[in-house]
Trainee: 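Before I ask anything, let me first share the structure, which is written out below as structure tokens.
Labels below follow one simple rule: chain letters A, B, ... track the order of the sequence lines, proteins then strands, and each chain is numbered from 1.
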Amino acid sequence: MPENQELPSRYDVKEVEDRIYALWEDSGYFNPDICVEKNATSSEAEPFSIVLPPPNVTGTLHIGHAFEDTLQDAMIRFERMRGKRTLWVPGTDHAAIATQAKVEKILWDTEHKSRHDLGREEFLRRVEQFAKESQSTIIRQVKRLGTSMDWSRECYTFDEKRNQAVREAFKRLYDLGLIYRGARIVNWDPKLQTTISDDEIEWREETVPLYYLRYGPFQIATARPETKFGDKYVVMHPEDKRYEQYKHGEKFELEWINGPVVATVIKDPVVDMAFGTGVMTITPWHDAVDFDLSERYKLEKEQIIDLQGRLLPIAGEFAGMKIAEARPKIVEKLKTKGLLPKIEEKYVHRIAVNSRGGGVVEPQILEQWFVNVNKKFRLEHSELDGIASGQETTLKEILRQTVASDQIKMMPERFRKTYFHWIDNLRDWCISRQLWFGHRIPVWYCKARSEERGARSDNPIVSIEDVSSCPSCGGPVEQDPDTLDTWFSSGLWTFTTLGWPFLSQLSGPDSKTWDLKIYGEDIFRALVNGTKRIETRAGKAESSDKYWGDFKPGDVIDFRLADEATDTILSPERKVSKVVKNVQHFPTLKEMFAAYSATHDYPGKTTEQIEDWWRKRPALHDRIQKYGIWVFELADPDLAAYHPTSLMAPGYELIFFWVARMILFAGSLLGQVPFRTVCFHGIVRDKQGKKFSKSAGNGIDPLELSDKYGADALRMSLIVGAAPGNDVKFDESKVRGYRNFTTKIWNASRFVLMNKPTRTDADKERGLTQMTDDWQPRSEARQARLKELADIRQEITAHMEKYELHLASEKAYHYFWHTFADKIIEENKAALRGDDMAEKIEAYYTLETILRGALKLLHPFVPFITEEVWQILARNHAEYTRNDADGRRPMLMAEKW
RNA sequence: GCGCGCUUAGCUCAGUUGGUUAGAGCGCUGCUUUUACACAGCAGGGGUCGGGGGUUCGAAUCCCUCAGCGCGCACCA
């Protein structure tokens with residue numbers, strides 16, 4: 001076999017990238033457990049984890065995803081190479097409302113049917129089918145970019161485990177009093193027939209006439225006369241001199257649209273004295289501000305518009321009409337009645353539109369489920385800075401404190417301000433949706449009781465498990481028909497992907513529960529010995545190791561009896577893996593006592609002492625009587641190891657949807673932050689600065705670009721110069737530019753390889769043999785070049801640590817092209833062509849050493865080509881090549897940075 | 001209305017805590033087809049860093065102010 005193997009002169013992007021990705025997947029290195037197994041990562045290594053903000057199953061991969069994935073992949077690859085235990089969890093999002101709307105549209109377009117024509121069950125089957133197809137497309141696309149996600153841990157926001165988690169979360173928050181059912185004003189979309197959250201509203205400006213109506217002695221302004229039928233409160237500022245003579249609570253009669261009404265004067269500072277006449281009437285049923293006001297003064301509320309957007313009987317002759325139809329007619333009537341003294345034609349008004357492709361939002365008072373963001377509750381376990389375990393807090397406080405304390409770092413920092421401002425304006429979050437597709441609300445109602453009271457809102461049965469009959473009367477029940485806001489499950493994403501709750505994994509009749517029994521024994525023994533320490537046991541190593549993650553046989557762990565509902569077990573790193581659920585029947589303490597006191601020795605204790613110990617703990621007796629079983633809900637080892645995650649990298653438009661909700665749930669349910677750093681990226685825009693979208697027709701397919709120029713080139717073009725949080729203008733010429741760069745990498749590497757000197761036996765005898773890892777050139781100039789590489793590595797490392805990928809990538813780029821290729825190669829050409837074998841070898845080794853170093857620095861950004869070159873180097877240069885345990889060559893992706 | 005961001009080479013954008021001749025990609029000009037690479041090399045042109053004021057030995061960078069553009073939030077009926 002020849003000592004040199006040249007690289008082919010042409011770099012076949014598609015062939016190489018597909019082959020290399022398969023090689024990576026095959027190696028298992030995407031999975032940190034396998035990295036540890038194969039010795040690429042130390043089992044003691046610090047973890048670094050990212051949970052992918054999952055793409056919607058509604059669509060295909062777009063350039064924004066490519067951007068986001070590239071940033072994360074670069075970080076993951078960097079940290080993996082640095083030796084961290086690196087986990088990147090992939091997944092997809094069911095995106096309830098968006099997906100349902102999409103499938104409904106397809107259904108209408110292709111079969112001219114509505115979802116009601118199919119029925120709930122069949123419709124949901126169609127949605128799932130659509131989601132599944134879309135999912136596999138997205139995954140294929142994501143892989144094409146070279147993302148090093150651990151596919152063995154792939155999740156879906158609507159799979160069974162996530163459903164378990166959603167139920168669990170709902171129940172726990174309900175039990176804490178943080179979820180309640182109530183009649184409050186919500187955003188109702190008459191088109192999609194569902195509520196939506198405040199954050200899903202898109203405001204559109206409209207120029208409409210502003211009508212001044214005569215309301216008794218006052219003039220009031222409105223852009224929506226159709227809502228005014230029921231107005232019986234007239235509000236003004238308490239300090240408004242113009243209306244001094246009117247007193248709060250004063251009543252008077254006036255002629256109104258459909259006849260005389262009695263109005264009451266309300267004085268409140270919400271009124272802007274400078275606007276219009278400084279007087280307004282209110283419509284509490286269809287306006288959030290008016291609703292708040294009427295709550296404050298306990299005013300009557302009346303519905304004017306129904307859920308289909310039609311006027312109700314209160315509108316008299318206009319009843320049954322749609323708003324658009326009724327408005328001109330109402331205006332006409334007002335005119336003829338002389339109640340319309342003035343019209344201001346050009347008034348800029350903003351209407352609320354459902355941003356998920358819905359209709360014009362009409363606020364309505366409806367009975368819905370809400371998350372109370374202001375209610376105080378006890379946070380049992382807290383790892384949050386500034387909130388102690390057992391302390392009272394609120395969800396808002398958790399949202400604020402975790403970021404204010406810098407426990408969560410935001411990049412760029414300016415988003416903190418946006419975030420805090422959002423918190424200040426945050427109202428209770430309506431989480432129920434009248435959609436079919438989504439996590440079903442885990443609440444049941446007793447049918448008999450509902451009928452008796454004419455409403456099902458009272459006495460909800462909130463349960464993690466399905467409920468088949470009423471626990472009190474045994475009669476039939478019905479499940480709440482609503483589904484949960486998709487952002488509810490999103491908020492649980494960071495930790496449910498890592499294995500919360502453990503409960504669902506324990507219920508099966510398999511060996512997992514056996515471990516617990518063993519631990520129960522140990523716990524018992526510890527209790528008897530009056531210690532909090534438990535030594536885990538050998539003999540159950542395989543399985544206990546698996547489910548306890550950090551715990552190894554012989555590890556000492558802390559155990560604490562907290563209260564009847566919670567026992568806590570701390571791992572050696574003091575990560576909590578805790579808690580309690582009725583899962584597995586345990587022998588009672590008493591039985592254990594009987595069974596084990598005879599056979600096990602409790603050092604330093606006699607049987608009498610143990611019996612005495614037992615007698616002295618009546619509380620424990622109670623507890624055993626009461627429960628009779630011992631149950632542990634254990635944290636998944638992934639959760640203990642990888643949560644809080646290290647980094648979250650969403651687009652800044654998701655700050656409220658993903659980021660805030662994740663903080664809220666991880667804080668309240670785990671007492672942890674969901675991530676340590678959130679690094680926002682901008683939106684990828686086209687040359688004109690427009691967002692890429694299918695409807696705008698400027699769509700650009702990242703896969704097409706990858707096929708044409710290589711995923712490496714695409715990645716590079718997205719990452720260089722894209723400062724965190726800033727939008728990127730993107731066009732193909734940029735990709736072409738970085739394709740040229742990959743060609744440069746290829747050619748420079750080729751040059752190095754084709755100049756490997758062929759040593760004769762005589763050369764070897766003269767000591768001109770093989771280089772080693774600590775090889776150093778004698779030439780000072782070459783030593784300086786190696787030093788320079790080390791310096792660059794340090795600079796790039798520093799940038800990466802600060803998530804300044806745009807700077808790191810540019811530096812690596814510049815170094816490779818303009819230092820290595822342009823200068824260093826040129827400097828060494830003469831030596832390579834000369835006759836001095838020693839000089840030749842030194843020149844070559846210098847180049848190869850620097851090439852290897854540079855490939856490492858580039859690998860996070862252009863993983864394919866660097867890996868390909870590395871593989872060829874390894875194939876030909878045995879002196880550098882170590883093999884894995886299984887005899888395979890190591891990969892650049894798992895090399896030491 | 002409140003808040004945030006942007007304004008740097010013809011175009012798109014970097015510029016980390018203020019510190020030597022302000023950088024990159026694309027584009028432009030000239031030369032070069034020299035056995036890694038024309039998807040290239042070498043050489044070059046091009047910026048009073050939006051305007052004005054201030055702090056400083058020193059400002060693209062910090063402060064004030066003005067202008068243009070963009071975005072987020074908000075209870076102006």
Trainee: With sugar-phosphate meaning primed atoms plus P, OP1 and OP2, does A:H818 contact a base, only sugar-phosphate, or nothing at under 4.0 Å between heavy atoms?
Mentor: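 Sugar-phosphate: the residue A:H818, judged by heavy atoms under 4.0 Å, touches backbone atoms but no base.
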Trainee: Work out how far the C1' atom of B:A22 is from that of B:C37, and round it to whole angstrom.
Mentor: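 B:A22 and B:C37 have their C1' atoms separated by 30 Å.
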Trainee: With both distances under 3.5 angstrom, what nucleotide forms a Watson-Crick or G-U wobble pair with B:C71?
Mentor: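 B:G3 is the nucleotide pairing with B:C71.
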Trainee: Base, sugar-phosphate, or nothing for A:G682, non-hydrogen atoms under 4.0 angstrom?
Mentor: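 If one applies the 4.0 Å heavy-atom cut-off, A:G682 turns out to touch nothing in the nucleic acid.
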Trainee: Partner of B:C42 by Watson-Crick or G-U wobble geometry, both contacts under 3.5 Å, or none?
Mentor: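 Here B:C42 is engaged in a pair, and the nucleotide opposite it is B:G30.
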Trainee: Using distance alone, with no hydrogens and no angle criterion, decide if A:E68 and A:H681 have a side-chain donor and acceptor under 3.5 Å apart.
Mentor: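 Side chains of A:E68 and A:H681: pair found under 3.5 Å.
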Trainee: Ignoring hydrogens and angles, tell me if any N or O in the side chain of A:R715 forms a donor-acceptor pair with the backbone of A:P860 under 3.5 Å.
Mentor: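 Here the side-chain-to-backbone pair exists.
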Trainee: Is the ring centre of A:H248 less than 6.0 Å from the ring centre of A:Y297?
Mentor: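 Yes; A:Y297 has its ring centre under 6.0 Å from that of A:H248.
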Trainee: Give me the distance, rounded to whole Å, that separates B:G25 from B:C63 when you measure between the C1' atoms they each carry.
Mentor: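 It comes out at 34 Å once rounded to the nearest Å.
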Trainee: What is the distance from CZ of A:F820 to P of B:C37, rounded to the nearest Å?
Mentor: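 After rounding, the reported distance stands at 15 Å.
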Trainee: Could you tell me whether A:E826 contacts a base, only the sugar-phosphate backbone, or nothing, with contacts defined as non-hydrogen atoms closer than 4.0 Å?
Mentor: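 If one applies the 4.0 Å heavy-atom cut-off, A:E826 turns out to touch a base.
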Trainee: NA contact type, A:E810, heavy-atom cut-off 4.0 Å: base, sugar-phosphate, or nothing?
Mentor: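 If one applies the 4.0 Å heavy-atom cut-off, A:E810 turns out to touch the sugar-phosphate alone, with no base involved.
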Trainee: Return whichever of A:A821 or A:N425 has its heavy-atom-nearest nucleotide of RNA chain B closer to the 5' end.
Mentor: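 Whichever sits nearer the 5' end wins; that is A:A821.
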Trainee: For the residue pair A:D199 and A:W487, confirm or rule out a side-chain donor-acceptor distance under 3.5 Å.
Mentor: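 Side chains of A:D199 and A:W487: no pair found under 3.5 Å.
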Trainee: At under 4.0 Å between heavy atoms, what does A:K829 touch on the DNA or RNA strands: base, sugar-phosphate, or nothing?
Mentor: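 Since a base atom lies under 4.0 Å of A:K829, the category is base.
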Trainee: Measure from the side chain of A:K802, starting at C-beta and using heavy atoms only, and say which of B:U16, B:G5, B:A40 lies closest.
Mentor: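 For A:K802, the side-chain atoms sit closest to B:U16.
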Trainee: Is there a Watson-Crick or G-U wobble partner for B:A36 with both distances under 3.5 Å, and if so, which one is it?
Mentor: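 Answer to the pairing question: none, since B:A36 forms no Watson-Crick or G-U pair.
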Trainee: Identify whether any heavy atom of A:D727 sits under 4.0 Å from a base atom; if not, whether one sits that close to sugar-phosphate; answer base, sugar-phosphate or nothing.
Mentor: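 Contact class for A:D727: none.
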Trainee: Is it true that the side chains of A:E788 and A:Y815 contain a donor and an acceptor less than 3.5 Å apart?
Mentor: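 The answer is no; no qualifying pair exists.
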Trainee: What's the gap between B:A38 and B:C57 when it is taken at their C1' atoms, as a whole Å value?
Mentor: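 Looking at atom C1' only, B:A38 and B:C57 are 49 Å apart.
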Trainee: Can you tell me if the side-chain N/O atoms of A:K729 get under 4.0 Å from OP1 or OP2 in B:C13?
Mentor: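 For B:C13, OP1/OP2 do have a side-chain N/O of A:K729 under 4.0 Å.
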Trainee: Does A:Y813 have a side-chain nitrogen or oxygen under 4.0 Å from the phosphate oxygens OP1 or OP2 of B:G25?
Mentor: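 For B:G25, OP1/OP2 do have a side-chain N/O of A:Y813 under 4.0 Å.
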Trainee: For a quick check of understanding: with a heavy-atom distance under 4.0 Å over all strands, which category does A:V752 fall into, base, sugar-phosphate or nothing?
Mentor: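 If one applies the 4.0 Å heavy-atom cut-off, A:V752 turns out to touch nothing in the nucleic acid.
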Trainee: Near A:E344 CD, under 6.0 Å, is it more than 12 heavy atoms from other residues, nucleotides or ligands?
Mentor: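 Enclosed.
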Trainee: With a 3.5 angstrom cut-off on both distances, give the Watson-Crick or G-U wobble partner of B:U12, or none if there isn't one.
Mentor: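 By the stated definition (distances under 3.5 Å), B:A24 pairs with B:U12.
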Trainee: Taking the side chain of A:I825 as heavy atoms from C-beta outward, which of B:A36, B:C39, B:G5 is closest to it?
Mentor: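 Closest of the options to the side chain of A:I825: B:A36.
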Trainee: Under 4.0 Å between a side-chain N/O of A:W817 and OP1 or OP2 of B:A40, yes or no?
Mentor: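 So the side chain of A:W817 is outside the cut-off, no N or O lying under 4.0 Å from OP1 or OP2 of B:A40.
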Trainee: Quickly work out the A:F741 CZ to B:C26 C1' distance and round it to whole Å.
Mentor: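 Distance, rounded to whole Å: 16 Å.
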Trainee: Take atom P in B:G41 and the same atom in B:A24, then report the distance between them in whole Å.
Mentor: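 Looking at atom P only, B:G41 and B:A24 are 13 Å apart.
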Trainee: Hey, which of these two, A:R833 or A:P724, hits RNA chain B nearer its 5' end, going by closest nucleotide?
Mentor: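 Result: A:P724.
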Trainee: Output the rounded distance in Å from CG (A:N187) to P (B:C75).
Mentor: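 These atoms are roughly 11 Å apart.
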Trainee: Can you tell me how far P in B:U7 sits from the matching atom in B:A60, rounded to whole Å?
Mentor: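 B:U7 and B:A60 have their P atoms separated by 14 Å.
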Trainee: Both conditions, 6.0 Å and 45 degrees, for the charged tip of A:R661 above the ring of A:F656: are they met here?
Mentor: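 Cation-pi check for A:R661 and A:F656: fails.
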Trainee: Is there a donor on the side chain of A:K734 or the base of B:C26 sitting less than 3.5 Å from an acceptor on the other?
Mentor: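 Looking at the base of B:C26, it does not pair with any donor or acceptor on the side chain of A:K734 (distance under 3.5 Å).
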Trainee: Of the candidate nucleotides B:C26, B:A36, B:G72, which contains the atom at the shortest distance from the side chain of A:R750?
Mentor: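 Shortest atom-to-atom distance from the side chain points to B:A36.
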Trainee: For the side chain of A:K417, counting heavy atoms from C-beta on, which of B:A36, B:C4, B:A14 is nearest?
Mentor: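 The answer is B:C4, which lies nearest to the side chain.
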Trainee: Between B:U33 and B:C42, how many Å separate the two C1' atoms, rounded to a whole number?
Mentor: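 Rounded to whole Å, the distance is 14 Å.
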Trainee: Whether A:N726 contacts B:A14 is assessed here as follows: a side-chain N or O lying under 4.0 Å from the phosphate OP1 or OP2. Is that the case?
Mentor: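 So the side chain of A:N726 is within the cut-off, an N or O lying under 4.0 Å from OP1 or OP2 of B:A14.
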Trainee: Roughly how many Å apart are B:G70 and B:U12, using the P atom of each and rounding to a whole number?
Mentor: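 Here B:U12 and B:G70 have their P atoms 15 Å from each other.
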Trainee: Compute whether any side-chain donor of one residue and acceptor of the other, for A:N374 and A:R427, lie under 3.5 angstrom apart.
Mentor: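 Their side chains do not contain a donor-acceptor pair, so the 3.5 Å distance test is not met.
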Trainee: Any strand counts, and the cut-off is 3.5 Å on both contacts for Watson-Crick or G-U wobble. Which nucleotide pairs with B:U55?
Mentor: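 No nucleotide pairs with B:U55.
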Trainee: Quickly work out the A:D822 CG to B:A43 P distance and round it to whole Å.
Mentor: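 One finds 9 Å between P of B:A43 and CG of A:D822, rounded.
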Trainee: Using a cut-off of strictly less than 4.0 Å, decide whether A:N740 has a side-chain nitrogen or oxygen near OP1 or OP2 of B:A40.
Mentor: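 It does, given that an N or O in the side chain of A:N740 lies less than 4.0 Å from OP1 or OP2 of B:A40.
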Trainee: Examine the base of B:C39 for any acceptor or donor lying under 3.5 Å from a partner atom in the side chain of A:T743, and report the outcome as yes or no.
Mentor: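 Such a pair exists between side chain and base.
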Trainee: When the ring planes of A:F741 and A:F816 are compared, do they come out parallel, tilted or perpendicular, using 30° and 60° as the limits?
Mentor: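 Rings of A:F741 and A:F816: perpendicular, as their planes differ by over 60°.
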Trainee: Classify the side chain of A:R739 and the base of B:C39 as holding, or not holding, a donor-acceptor pair under 3.5 Å.
Mentor: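 When only heavy-atom distances are counted, A:R739 does reach the base of B:C39 through a donor-acceptor pair under 3.5 Å.
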Trainee: Measure the distance from CZ on A:R685 to P on B:U12 and round it to the nearest whole Å.
Mentor: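 That distance rounds to 14 Å.
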Trainee: Please classify the nucleic acid contact of A:K744 as base, sugar-phosphate, or nothing, using heavy-atom distances under 4.0 Å.
Mentor: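 Base contact.
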Trainee: In whole angstrom, give me the gap between the C1' atoms of B:C76 and B:G15.
Mentor: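 Straight-line distance between the two C1' atoms is 43 Å.
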Trainee: Compare side-chain N and O positions of A:H806 against OP1 and OP2 of B:G15 and report whether any pair is under 4.0 Å apart.
Mentor: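 Yes, because at least one side-chain N or O of A:H806 sits under 4.0 Å from OP1 or OP2 of B:G15.
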Trainee: I want to verify a distance call: between B:C26, B:A14, B:G72, whose nearest atom is closest to the A:A723 side chain?
Mentor: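 The listed nucleotide nearest to A:A723's side chain is B:A14.
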